[in-house]
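The chains referred to below are lettered A, B, ... by the order of the sequence lines, with proteins before strands, and numbering in each begins at 1. FYI, side chains are in, hydrogens and waters are out, and symmetry mates aren't considered; it's all heavy atoms of this structure. Predicted model, so just to flag it, every value in this text is computed and none were measured.
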There are 2 protein chains.
Amino acid sequence: MAGFQIDGEELHIHSLRGKIFTQLENDILRGKYKTGDVLNETKLSNELGVSRTPIREVLRQLELEGLVISIPNKGTIVRGLTKEDIEDIYEIRVLIEGVAARRATEKITTEQLAELEEIIHFEEFYTTKNDVAHLIKLDNRFHELIYRASNSRLLLRTLSSFHHYVEMVRNESFKVGVFAHAVLDEHRAIYSAISEKNCELAEVLMVSHIKNAFTRIEGSLQ
Amino acid sequence: MAGFQIDGEELHIHSLRGKIFTQLENDILRGKYKTGDVLNETKLSNELGVSRTPIREVLRQLELEGLVISIPNKGTIVRGLTKEDIEDIYEIRVLIEGVAARRATEKITTEQLAELEEIIHFEEFYTTKNDVAHLIKLDNRFHELIYRASNSRLLLRTLSSFHHYVEMVRNESFKVGVFAHAVLDEHRAIYSAISEKNCELAEVLMVSHIKNAFTRIEGSLQ
DNA sequence: TAAAGTATAATTGTATACAAGAATACAACT
DNA sequence: AGTTGTATTCTTGTATACAATTATACTTTA
């Protein structure tokens, strides 16, 4: 969990700041801090056992991400994600994740393809086990590998954060056994298209995968 | 230039940090700091007349934006934008800016519509004057108003940063008189579609506007 | 009692001090 | 000469101190 790579470069490799960032981001995404909550810097620094300086740096990053709002001389307020935000994320993902799949098919390396196959195998295993925690991690790996293989830092950056934002609702979706199996089938189909270098098919399958994913999570919104 | 609004909330309203952020961001986008340059915190704090603390907070934000890379205990290195990045940005914009236009048409307020009309009028004026600097600012206002009117913070955030990233190349494009007139015509058409509440037309026109914009800037890449 | 004003406390913004790690320069050695 | 080891310097990472702003509590006054 130290961070994912971009063309050999890593994000969040700063052990301390990276941990604080991940911690606070997850605390917001998972609802520990709710919309409107004020994030007190001193309190956070006590809780996390560091000084205010790294806390502030992380808060500024979260501000840029849009998860919190910073009001000068007053404080940092949690904004979180609304139902509408999540709907928007899926609408945008439907539009651009297909492109990522198409590009990935064109540019994926043998190593990445092997890793994708491995991910599918693990997904098959954990789907039968109904192991939601592992499935979510594998789902992250599956999609992020495709983002990375697309060889576009803009796609990687944009889609990774979107994908991460909706992790909580995806988590709910995996709890439904039928849904988990559907995800596996769709991933398998996408993997086949990619390994056969069928760009158009990969794109179409990915688009419908995201559409289906939205249908699956739609019920758990609100 | 203090910052743009989101539903009444503002970004970069912190006078000091906002200025430092804008300054450094522009210095990177405009090529003062080139890819590979190391940003020395002490040096920057001397140049900008502030301490290292706010400098570091801004560097962390630029890191999240992807404009710089931070290597622990070594420093912050400029990454900038490559030709490929800019091509990617336009490919993504083609896909999602149409959605923003459609949504904007559905949800735009009378005040925003009036502002859009005003922008068009100013654009007409400065196009005849060949005033590139003003045209760039008006182009920013035009597109950002539509992002805002779309009523989606995800669209606003994503598209605003993309639009800002390509400001440098757009600047070149406006210098060509024919191009400036073409932009004006396309903006006029989009405005008409929006004011007539023709969602589909607004979407189609915006998509072709972005495609044309890419054609116009394509030559000045590299 | 309600409102306004003031003093105090709390919180953020910035600067500085110190710690830890990395780069550099130079000397010693083979 | 080249290499290795060490000391020094430089830079980043973190903590703390102080300034400025805001919130709160309390008192005063009508």
Side-chain angles (χ1 to χ4, degrees), chain A residues 1-3 8-25 27-28 33-79, chain B residues 1-3 8-25 27-28 33-79:
Chain A
M1 288 299 286
E9 116 204 16
E10 285 196 24
L11 293 178
H12 302 311
I13 42 183
H14 298 265
S15 56
L16 222 177
R17 190 166 65 241
K19 277 181 186 169
I20 299 171
F21 182 89
T22 308
Q23 172 90 49
L24 286 182
E25 191 188 37
D27 284 348
I28 293 170
Y33 300 121
K34 296 184 208 317
T35 305
D37 284 2
V38 177
L39 297 178
N40 184 304
E41 296 174 2
T42 312
K43 206 175 155 194
L44 286 175
S45 69
N46 288 334
E47 282 175 17
L48 298 173
V50 292
S51 74
R52 277 177 57 217
T53 307
I55 296 283
R56 280 181 61 86
E57 292 182 6
V58 166
L59 288 179
R60 295 293 80 75
Q61 293 188 306
L62 292 171
E63 181 190 6
L64 200 78
E65 269 211 324
L67 290 178
V68 303
I69 300 169
S70 177
I71 299 173
N73 293 312
K74 290 191 73 176
T76 303
I77 296 163
V78 176
R79 203 189 198 285
Chain B
M1 288 298 287
E9 117 206 15
E10 285 195 23
L11 295 178
H12 302 312
I13 41 182
H14 299 265
S15 55
L16 221 178
R17 190 166 63 240
K19 277 181 187 170
I20 299 171
F21 183 87
T22 308
Q23 172 92 48
L24 286 182
E25 192 187 35
D27 284 348
I28 293 171
Y33 300 122
K34 297 185 209 316
T35 305
D37 285 2
V38 177
L39 297 178
N40 184 302
E41 295 174 1
T42 313
K43 206 175 154 195
L44 286 174
S45 69
N46 289 332
E47 281 175 16
L48 298 174
V50 293
S51 74
R52 278 176 56 217
T53 308
I55 296 284
R56 279 180 61 86
E57 292 181 5
V58 166
L59 287 180
R60 295 294 78 77
Q61 291 187 308
L62 291 172
E63 182 190 4
L64 200 78
E65 268 210 326
L67 289 179
V68 303
I69 300 169
S70 178
I71 299 173
N73 292 313
K74 290 191 72 177
T76 303
I77 296 163
V78 176
R79 203 186 198 287

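For the pair A/F21 CZ and D/dT14 C1', the interatomic distance rounds to 19 Å; values are reported in whole Å. Computed from coordinates, the B/E57 CD to D/dT12 P distance equals 16 Å when rounded to whole Å. Distance, B/I77 CD1 to D/dT12 P: 10 Å, rounded to whole Å. As rounded to whole Å, 13 Å separates atom C1' of D/dG13 from atom CD of B/E63. Going from atom CD1 of A/I71 over to atom P of D/dT21 covers 17 Å, rounded to whole Å.
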> Does the pair B/I69 and B/E63 meet the rule for a side chain to side chain contact (heavy atoms under 4.5 Å, CB included), with working shown?
Replying inline: CA-CA 6 Å; B/I69 300 169; B/E63 182 190 4; over 6 Å; no
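Applying the side chain to side chain contact (heavy atoms under 4.5 Å, CB included) rule to B/K43 yields the partners B/N40, B/E47; only residues at least two apart in sequence or on another chain are considered. For B/E57, the salt bridge (Lys or Arg N to Asp or Glu O under 4.0 Å) partners at least two apart in sequence or on another chain are A/R56, B/R17. Applying the side-chain hydrogen bond (donor to acceptor under 3.5 Å, both in side chains) criterion to A/E65, with sequence neighbours excluded, gives no partner residue. Shown here are the side-chain hydrogen bond (donor to acceptor under 3.5 Å, both in side chains) partners of B/N46, two or more places apart in sequence or in another chain: there are none. The salt bridge (Lys or Arg N to Asp or Glu O under 4.0 Å) check on B/D37 picks up nothing, with sequence neighbours excluded. Residues meeting the side chain to side chain contact (heavy atoms under 4.5 Å, CB included) test with A/T35, sequence neighbours left out: none.
Using a 3.5 Å distance cut-off with no hydrogens or angles, the side chains of A/R52 and A/T42 do not pair a donor with an acceptor.
No side-chain heavy atom of B/K34 sits less than 4.5 Å from a side-chain heavy atom of B/I28. By the 4.5 Å heavy-atom criterion applied to side chains, B/Q61 and A/L64 are counted as neighbours. The shortest side-chain heavy-atom distance between B/V68 and B/R79 does not fall under the 4.5 Å cut-off.
Proximity of residues 38-45 of chain A to DNA chain C (heavy atom under 4.0 angstrom from any strand atom) is restricted to A/L39, A/N40, A/E41.
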Listed pairs, N/O of protein and of nucleotides 21-23 of chain C, under 3.5 Å:
| residue | atom | partner | partner atom | Å |
| --- | --- | --- | --- | --- |
| C/dA23 | OP1 | B/K74 | NZ | 2.9 |

Atom pairs under 3.5 Å, N or O on each side, protein against nucleotides 15-19 of chain D: can you list them with distances?
| residue | atom | partner | partner atom | Å |
| --- | --- | --- | --- | --- |
| D/dA15 | OP2 | A/S51 | N | 2.4 |
| D/dA15 | OP2 | A/S51 | OG | 2.8 |
| D/dA15 | N7 | A/T53 | OG1 | 2.8 |
| D/dT16 | O4 | A/T53 | OG1 | 3.4 |

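For D/dG13, one of the phosphate oxygens OP1 or OP2 lies less than 4.0 angstrom from a side-chain nitrogen or oxygen of B/R56.
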